[in-house]
Undergrad: 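There's a structure below that I have some questions on.
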Amino acid sequence: MPLFSDSPCPQLIVSRPRVAWMLPVLASLSVTVPAQADTVLHWSYPPDNHETVADRIFIIGTADPEQRVLINGNPIYRSPAGHFAPSVPLEMGENVIEVQVGDNRVQRRVTRLLGGPNFPDDGLGFAEGSLEPAVDITRQVGELVCFSALAPGADWTGSVRLGNRQIPLLPESTSSELPSNAAVLTGENQPQRARASRYRACHRFANSGNLGRPVFELRRGDRRLRETATGSVEIVTPNVSPLRVARVISAEAVSRTGPGTSYSRLTPIPEGVEAAITGSEGDWLRLDYGVWVHRDEVEIHEAGASPQAVIRSISSRQRGDRTDIYFPLSSRVPPQVQQEGRQFRLTLHNTTAQTDLIAFNANPAIEGMTWQALDGDRVQYTFEMNSPQQWGYDLRYDNTTLVLSLRHPPQLNPSQPLAGTTIFLDPGHGGPEDFGATSPTGIREKEPVLTVSLLLRDELERRGARVILSRETDIDVGLRERMDMIQKAEPTLALSLHYNALPDSGDAENTAGIGTFWYHPQAQDLAVFLYRHLVNDLNRPEYGVFWANFALTRPQIAPSVLLELGFMINPDEYEWIMDEQEQQRLALSLADGIEAWLARQP
């Protein structure tokens, strides 16, 4: 299972112990429970006293294939080796699950928690923690400021009082709840009917000032709900000196579409970039070009004007297997990258062009370059690549000059495509705490994935490739370390190898197959090709190809793909995963697929 990290929020930074997908499978305890002298049950998941919001849960384990196994009195399917993973329904509250092997019975308790909003016991009150703003926010004069709360039913009337304003609070006519991103892995990502009514109010404030905390009130007959939000509202006047400016102090600040780690990532912001702060929400700051950053990644100071830069001529230089393009700027500004087919676009925010001359020499990778000034003090450069396959890029500042390095296609030998290439292999997980997904027998993902990676290394090296592994033994390697290894190695390709699991609500018994994951468009074709190749060559089930914001798909220096080679929790596929001959076949097929993909490149 893949790991991900979301810096800078400490509670979401993946560290020891790490988790994957945020799924409960990885929190399982694998315990062998002796029954009678001639009977052994290995019950891997769920652990005793497990808690979940799912309406069902799979039971993973194994027992003597000759013994009868019942779960809650019902016979279950088992693989030829005796493994099992049926799902059982869960009632709200505590559930007792009993596994019977022969005459022996073992019980564990699983508590199903109420998902969604939590209302007072009498049902007459706002849902716990639903009043927004829940943290202190800052907005500009004239900007729309919105308030919301969850209440039991849509037949209330009410308002929000803030300062000297009383704003009508109205229920939304239609409202749905969205499941987590991980729900797409089980095909359960469709909106669900909201289990509570959301009331909203919005207002544009004409004057600046600290307005305090809003007071929410709903009325129905002689019933009245009243509660004060935990967040306060401050309104500031835009573009008035002194301005608050954020300067990035981390090597690469994570920028997002909204104030929290649940919002999508955008192009990282290099160290030293400055931008005016136009709003805030708790620990998150909104910058003047619309992105949000965590305040731990910046330092705040005052300035007389919003940071702006001027750009004039640009130049390029071919350096080995790449072209470096130099953008001399008067100050560091935020860049944004887009890849699409043959095009690579770089947009510079808060920048005004004074360009009359550009020195851009012909080279083997880039067919041409155009640029244009866009609304909102933006300048966009579009590079037309000679090949539809892009091979990676790097973006860095040298003083106030932004340097974009575009990698050229590798020089391949058609009769031996792997010769002279560098392949980075990342065997997922590893070490005393980062086990990865569990299995019916207690074997963890980190073990077979390392075995297959070492077999693949040997096969790739036999065909002429140079192979770099993130780990060759059972050691702990952090996500940031693995990403930095890829950046330093600058490989031709980077592959992270894993085996899969599911959330509690998934169907472990009937879900199997190959899955591949990509993030940058330059990796999409490789992800699709390897997926099709493995499915067809090994006659494996299809799980799917996914765009995924994972730590090991985000490196941009090379096409980077994460592969899920099968499901550790599936009873039958687990037997395939652990079969030594099939491991050899898998490694050989992976090598064939990598070689075939390289051979088809122009």
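Throughout, numbering of the chain's residues begins at 1 and tracks the sequence.
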Undergrad: Quick one: does L530's side chain get under 4.5 Å of L495's, heavy atoms only?
TA: yes
Undergrad: Return yes if some donor-acceptor pair links the side-chain N/O of E573 with the main-chain N/O of F567 below 3.5 Å, else return no.
TA: yes
Undergrad: Any chance the side chains of E582 and W576 put a donor and an acceptor closer than 3.5 Å?
TA: yes
Undergrad: For H429, does its backbone N or O pair with a side-chain atom of R471 as donor and acceptor, under 3.5 Å?
TA: yes
Undergrad: Are any of the side-chain heavy atoms of L497 and L565 separated by less than 4.5 Å?
TA: yes
Undergrad: Where is the tightest heavy-atom contact between V467 and L469, given as atom of each residue plus distance?
TA: CG1-CD1, 3.6 Å
Undergrad: Contact between W292 and L266 at the side-chain level, heavy atoms closer than 4.5 Å - yes or no?
TA: no
Undergrad: How would you list, by chain and number, every residue that makes a salt bridge (Lys or Arg N to Asp or Glu O under 4.0 Å) with E94, sequence neighbours excluded?
TA: R109
Undergrad: Please find the pair of heavy atoms, one from P270 and one from P268, that lie closest to each other, and give the distance.
TA: CD-O, 3.6 Å
Undergrad: Determine whether more than 12 heavy atoms belonging to other residues, nucleotides or ligands lie under 6.0 Å from atom CZ of R56.
TA: yes
Undergrad: Which heavy atom of Q389 sits nearest a heavy atom of Q522, and at what distance?
TA: NE2-O, 2.8 Å
Undergrad: Measure the OG1-CG distance between T516 and L562 for me, rounded to the nearest 0.5 Å.
TA: 9.0 Å
Undergrad: Using only atom types and a distance under 3.5 Å, with no angle test, would you say the side chain of R256 pairs donor to acceptor with the backbone of V293?
TA: no
Undergrad: Between R444 and E447 (salt bridge meaning N to carboxylate O under 4.0 Å), is one present in this structure?
TA: no
Undergrad: Which pair of non-hydrogen atoms, one from V452 and one from A587, has the smallest distance, and what is that distance?
TA: O-CB, 4.2 Å
Undergrad: How far does NZ of K488 sit from CE of M485, to the nearest 0.5 angstrom?
TA: 9.0 Å
Undergrad: Shortest non-hydrogen contact from P448 to Q583?
TA: CB-NE2, 4.3 Å
Undergrad: Is there a donor-acceptor contact under 3.5 Å from the side chain of T511 to the main chain of A508?
TA: no
Undergrad: Can a donor-acceptor pair be found between the side chains of S405 and D394 at a distance below 3.5 Å?
TA: no
Undergrad: Verify the neighbour count for atom CZ of R345: are there more than 12 heavy atoms of other residues, nucleotides or ligands below 6.0 Å?
TA: yes
Undergrad: So, do R585 and L538 sit near enough that their side-chain heavy atoms are less than 4.5 Å apart?
TA: yes
Undergrad: Take D321 and H408, measure what side-chain hydrogen bond (donor to acceptor under 3.5 Å, both in side chains) needs, and give me the verdict at the end.
TA: CA-CA 5 Å; D321 66 345; H408 299 173; over 6 Å; no
Undergrad: Could you check whether E472 pairs with R457 (Lys NZ or Arg NE/NH1/NH2 to Asp/Glu carboxylate O, under 4.0 Å)?
TA: yes
Undergrad: Of all heavy-atom pairs between F344 and Q390, which one has the smallest distance, and what is that distance?
TA: CD1-OE1, 3.4 Å
Undergrad: Are the side chain of T267 and the backbone N or O of V337 linked by a donor-acceptor pair below 3.5 Å?
TA: yes
Undergrad: Say whether D504 and Y45, considering side chains only, have a donor N or O and an acceptor N or O under 3.5 Å apart.
TA: yes
Undergrad: Indicate whether any N or O donor in one side chain lies under 3.5 Å from an N or O acceptor in the other, for T111 and H50.
TA: no
Undergrad: A side-chain contact here means heavy atoms from C-beta on lying under 4.5 Å apart; do L563 and S496 qualify?
TA: no
Undergrad: Is any side-chain heavy atom of T186 less than 4.5 Å from a side-chain heavy atom of P503?
TA: yes
Undergrad: Could you give all pairs that pass the salt bridge (Lys or Arg N to Asp or Glu O under 4.0 Å) test and reach residues 79-88, with sequence neighbours left out?
TA: none
Undergrad: Hey, could you give me each pair passing side chain to side chain donor-acceptor pair (under 3.5 Å) that has a residue in residues 587-598? Not counting sequence neighbours.
TA: R463-D592, R463-E595, D525-W597, H533-S589, D537-S589
Undergrad: Which residue pairs satisfy the side chain to side chain donor-acceptor pair (under 3.5 Å) criterion with at least one member in residues 74-86, sequence neighbours excluded?
TA: T62-H83, Y77-D572, S79-E575
Undergrad: Taking only Lys NZ, Arg NE, NH1 and NH2, and the carboxylate oxygens of Asp or Glu, determine whether R342 and E367 approach each other closer than 4.0 Å.
TA: no
Undergrad: Taking the ring centre of each residue, are Y519 and F550 less than 6.0 Å apart?
TA: no
Undergrad: Check for a donor-acceptor pair, side chain of T553 on one end and backbone N or O of N549 on the other, with a separation under 3.5 Å.
TA: no
Undergrad: Between R112 and E91 (salt bridge meaning N to carboxylate O under 4.0 Å), is one present in this structure?
TA: no
Undergrad: Q107 vs R105, test: side-chain hydrogen bond (donor to acceptor under 3.5 Å, both in side chains). Steps then yes/no.
TA: CA-CA 7 Å; Q107 291 184 345; R105 291 178 170 85; over 6 Å; no
Undergrad: Within the structure provided, determine whether V53 and L114 are in side-chain contact (heavy-atom separation under 4.5 Å).
TA: no
Undergrad: If you measure only the distance, is there a donor-acceptor pair under 3.5 Å linking the side chains of E297 and S250?
TA: yes
Undergrad: Applying side chain to side chain contact (heavy atoms under 4.5 Å, CB included), name anything that partners F546, two or more places apart in sequence or on another chain.
TA: L185, F517, Y543
Undergrad: Run the salt bridge (Lys or Arg N to Asp or Glu O under 4.0 Å) test against E252 and tell me which residues pass, sequence neighbours left out.
TA: none
Undergrad: Classify the side-chain pair Y574/T441 by whether it contains a donor and acceptor separated by less than 3.5 Å.
TA: yes
Undergrad: Is atom CG of D458 surrounded by more than 12 heavy atoms (other residues, nucleotides or ligands) closer than 6.0 Å?
TA: yes
